[in-house]
Amino acid sequence: MAVLVLSGVLVLVVGGCVCVVWAARGGPRWVRAVATATLVLGELLRRERRKSRSLDRSGGSGSGSVD
């Protein structure tokens with residue numbers, strides 16, 4: 001089941017990347033919409049990752065060290 005879910009995620013990621021490249025070359029309107037959504041989602045994920053990293057460095061939970 002996990003392989004099926006991960007395969008689906010991989011297909012969505014690759015499809016989003018294809019749409020970004022196609023939109024850069026002047027694809028149809030729906031391709032530009034998917035490309036925009038892909039880029040926005042990627043930026044949101046990057047910001048969330050940076051935020052969680054800064055919390056880890058400032059002594060927040062999830063530092064991963066076990067004493």
Side-chain angles (χ1 to χ4, degrees):
M1 182 64 178
V3 172
L4 185 63
V5 171
L6 290 175
S7 296
V9 170
L10 180 63
V11 167
L12 289 174
V13 168
V14 170
C17 292
V18 168
C19 284
V20 168
V21 172
W22 191 5
R25 296 174 180 241
R29 185 180 306 170
W30 69 268
V31 170
R32 292 192 299 266
V34 172
T36 300
T38 301
L39 293 173
V40 167
L41 182 60
E43 184 61 32
L44 290 173
L45 290 172
R46 262 187 302 249
R47 287 182 184 179
E48 187 63 32
R49 187 172 181 193
R50 286 180 193 151
K51 191 168 91 172
S52 69
R53 280 185 177 176
S54 68
L55 288 175
D56 286 346
R57 278 186 261 164
S58 66
S61 64
S63 63
S65 64
V66 177
D67 292 334

**Fill in**
Correct closest heavy-atom pair for G27 and R32 would be O-NH1, 2.5 Å

**Request:** Please name the pair of heavy atoms, one in A35 and one in C19, separated by the smallest distance, quoted to 0.1 Å.
**Result:** CB-O, 3.6 Å

**Message:** Tell me whether W22 shares a hydrophobic cluster with V20, the cluster being built from Ile, Leu, Val, Met, Phe, Trp, Tyr side chains joined at under 4.5 Å.
**Reply:** no

**Asked** How far does CZ of R50 sit from CZ of R46, to the nearest 0.5 angstrom?
**Response** 6.5 Å

**Prompt:** Under the salt bridge (charged side-chain N to carboxylate O under 4.0 Å, His left out) test, which residues partner R29, sequence neighbours left out?
**Reply:** none

**Test side chain to side chain contact (heavy atoms under 4.5 Å, CB included) applied to V40 - qualifying residues, sequence neighbours left out** = T36, L44

**Asked** Can you list the residues that meet the side chain to side chain contact (heavy atoms under 4.5 Å, CB included) rule with V14, with sequence neighbours excluded?
**Response** L10, V18

**Prompt:** Any side-chain heavy atom of V21 sitting closer than 4.5 Å to one from C17?
**Reply:** no

